[in-house]
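Below is one structure, written out as structure tokens; the observations come after it.
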Amino acid sequence: MSDDTSPGCATTAAAGSGGSSGKVRAPVSSSGDGGSFTAHPDQVLENVIENVLVFLTSRRDRSTVSLVCKSWYRAEAYTRSDLFIGNCYAIAPNRVTNRFKRIRSVSLKGKPRFADFSLLPADWGAYFTRWVHAMSLAYRALEKIYLKRMSVTDDDLSVIARSFPCFKELVLVCCEGFGTSGLAVVVSECRNLRVLELIEDEVSDDETDWISCFPEGTTNLESLCFDCVEAEVNFDALEKLVARSPMLKKLKLNMFVSIGELYRLVVRAPQLTHLGTGAFNPLVEIGQQQGDNQELDYTSLFAACKSIVCLSGFREIAPEYFPTIVPLCGNLTSLNLSYANVNAEQFKPVIRHCHKLQVFWAMDSICDEGLQAVADTCKDLRELRVFPVDPHEYDEGPVSEVGLLAISLGCRKLQSILYFCQQMTNAAVIAMSKNCPDLVVFRLCIIGRYRPDRVTGEPMDEGFGAIVKNCKKLTRLAVSGLLTDKAFSYIGQYGKLVRTLSVAFAGDSDAGLKSVLEGCTNLQKLEIRDSPFGDSGLQPGLHQFYNMRFVWMSSCRVTRQWCLEVARRLPKLVVEVFSRDEEEGERGDFVETLYMYRSLDGPRPDAPQFVEIL
Amino acid sequence: MDQKRSTLSLFEDNDLATELRLGLPGTDDQPEIKSSLSSNKRSSSEMGSNICIDENESRLVPPAKEQIVGWPPVRSYRKNIFLLKRTESETGSGMYVKVSMDGAPYLRKLDLKMYTSYEELMKALQEMFKCIIGLYFEREGDNGSQHALSYEDKEGDWMLVGDVPWDIFMSSCKRLRIMKSCEVKGLGDSL
């Protein structure tokens, strides 16, 4: 290694996760490997290690292995095929390509999560370009790319298409910057493409007929997901594509595919296991008639789909068609109705068949009553997400503590919950903490800010306190409602496994943040907005920041002086400070947004004008 | 607090135990405003125009339906669902038009049938594209907005939106374009 940083640090960053327990490693001593390269036993040992390491897939284990000694470090680098980088700015591409030579699969994450909610100005960064160029030279055998919250251009997609002859899988989640013309290049030139999944991306409609660009003949397609692409697709081309893709298991259509078109596709693909239904609506364009009035038998169609276990879509659902999916329900393990504005009456007759459901996403239009129906039927439920139809603050909403309590009583195996509501009580949250001890992810969003317990008028401290106390496996927590510093002292005291914490409009003083930073020893990702936390709250984190993926604080009380100081004291921490344009002069001493993260390669070269790196 | 009172009055007949109060359980007096709610502990961003602070109340009660950036934390396309959602009376037919905005890379599609007036359409578009669109038929002169809305009619001409009654607009509109106000000159005869 030509740099002066220890392999341990490189491992921690390159592995992307917290590394092995997240502690900063002291440099590995150079005498670790016995010193000699010519000794025969060492060569044998290295070969043996390589053959063993091929079977090691967990990146944390690999991190640990690479720290044993130089020989093992080399062997591990030689045998690693899956690369995961949790923060694309934590390390420079060439450092990665220098260390790992035989990568087949790359996962890269870019922007912080609050970018999803317009809290990050456009053009902030997370550009894939410099990565794809480095990889195009170093990893000719690359097969798979997974990107989350990255900025990807059509050019980048062209580079992928041209550079990797064995390329098989492209998965883009929450990305932006590309369009249908970029997709056209990928699908036409990647002859071995098996998986193309576009999930919650912003894809510009360049009016390119990308579906027609798949090559002729039988394809290897196993998964095609384009439900987020807000552009019409050439349906005839799509139908022919599905017909010549015998391996296709996952197909997720966008909102422009009508229910009649869905019928024609499903008929051609009886082997599907994952189906995104598109609009689930007859959809009539201007100028067209309602159709030949041939009413297709969707119920029979779905009854023939024995393999479908995952159902989603319903982007423009015409509720009268909803019951046609009932024949599928008995096999479903995953149902995503989070775009379907169906009410309880429409919902209940369908959900009561879904005995095997493990993952369920919905809109709050199903009301507490609908959630009760879920609780009655879905005894195996592991993950629940309830999204608001109308995302504004009201005094009342369609779901509340009643629904939460019902779920906690009926779905004892629950592991992950995201729940939006207008009102909540401590009692319901405490009940969930006791009834669902397997909870790993607990995200409660009381949309009404600073809302106390609806019944007692008290802060929601006790509820969240019970969650961290009773749910011993909890690693991810998002809090809301009226919260005092007490809630945070509970989190610090009991949330020992918490890795991700999201806070908004909560807390009283720096004492709250202090408790968290002092107590949550496994904290990796901290995102806080609009809370009265500042310099002295952050101060205890100084020993922790190198172990964390990032810290985000916006509209809090962090001063510029503190940021300068921490940048000075922790040279491997990149401290970014910026505003949301209009907010420029209003904040006085306080920074609008602080985003800081560790990096082996110093400040990024592509920061825009409005970002100041201290 | 006034908002809360009007809601509470609905519960006048209810048991006192379920009455919404701010005090600790066991205190029967006037609900105490907790010190944690006192405004001087809030960060300065909360003093922005979004929140009304009454001097007599320490409790910050935001008016309903106000827009805080990024709150609640749902992705923007989910917020758009609300605007595009179907009412139960819809039988499934829609009138989709493409909407483009100068300078934005994304085209969207809107179902014109979802709206019954220009106001509703404007609201939806402004939410979707995060811009302010001036309505020229109101003849307010230059109201300082950055964008204007034009549409392509059946004959392929581009007209400013707002000059004809809504029904006629609905039946003749094929496509929408949000353009910069400075480019409006020379568009359509009705100016």
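Below, read A as the first sequence line, B as the second, and so on, with proteins coming before strands; counting in each chain starts at 1.
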> Is the number of heavy atoms from other residues, nucleotides or ligands under 6.0 Å of A:Asp123 CG greater than 12?
Replying inline: no

> Could you state the interatomic distance from OG (B:Ser76) to CD (A:Glu202), rounded to the nearest 0.5 Å?
Replying inline: 5.5 Å

> Under a 4.5 Å heavy-atom cutoff, which of A:Cys228, A:Ala504, A:Gly534, A:Cys174 has the most pairs with chain B?
Replying inline: A:Cys174

> Side chains of A:Ser118 and B:Trp71: does their closest heavy-atom pair fall under 4.5 Å?
Replying inline: no

>> Measuring only between side-chain heavy atoms, which start at C-beta, is A:Glu230 closer than 4.5 Å to B:Lys98?
In response: no

> Is the closest side-chain heavy-atom distance between B:Ile68 and A:Arg529 below 4.5 Å?
Replying inline: yes

> Any side-chain heavy atom of B:Pro73 sitting closer than 4.5 Å to one from A:Phe420?
Replying inline: yes

> With a 4.5 angstrom heavy-atom cut-off, which part of A:Ile446 approaches chain B: side chain, backbone, both or neither?
Replying inline: backbone

>> Can you list everything that forms a side-chain contact (heavy atoms from CB on, under 4.5 Å) with A:Glu345? Sequence neighbours excluded, please.
In response: A:Asn343

>> Just to verify, what does A:Ser181 make a side chain to side chain donor-acceptor pair (under 3.5 Å) with, not counting sequence neighbours?
In response: A:Asp154, A:Asp206

> Do the non-hydrogen side-chain atoms of A:Phe117 and B:Val69 ever get within less than 4.5 Å of each other?
Replying inline: no

> Closest heavy-atom contact between A:Glu200 and B:Arg75?
Replying inline: O-NH2, 2.8 Å

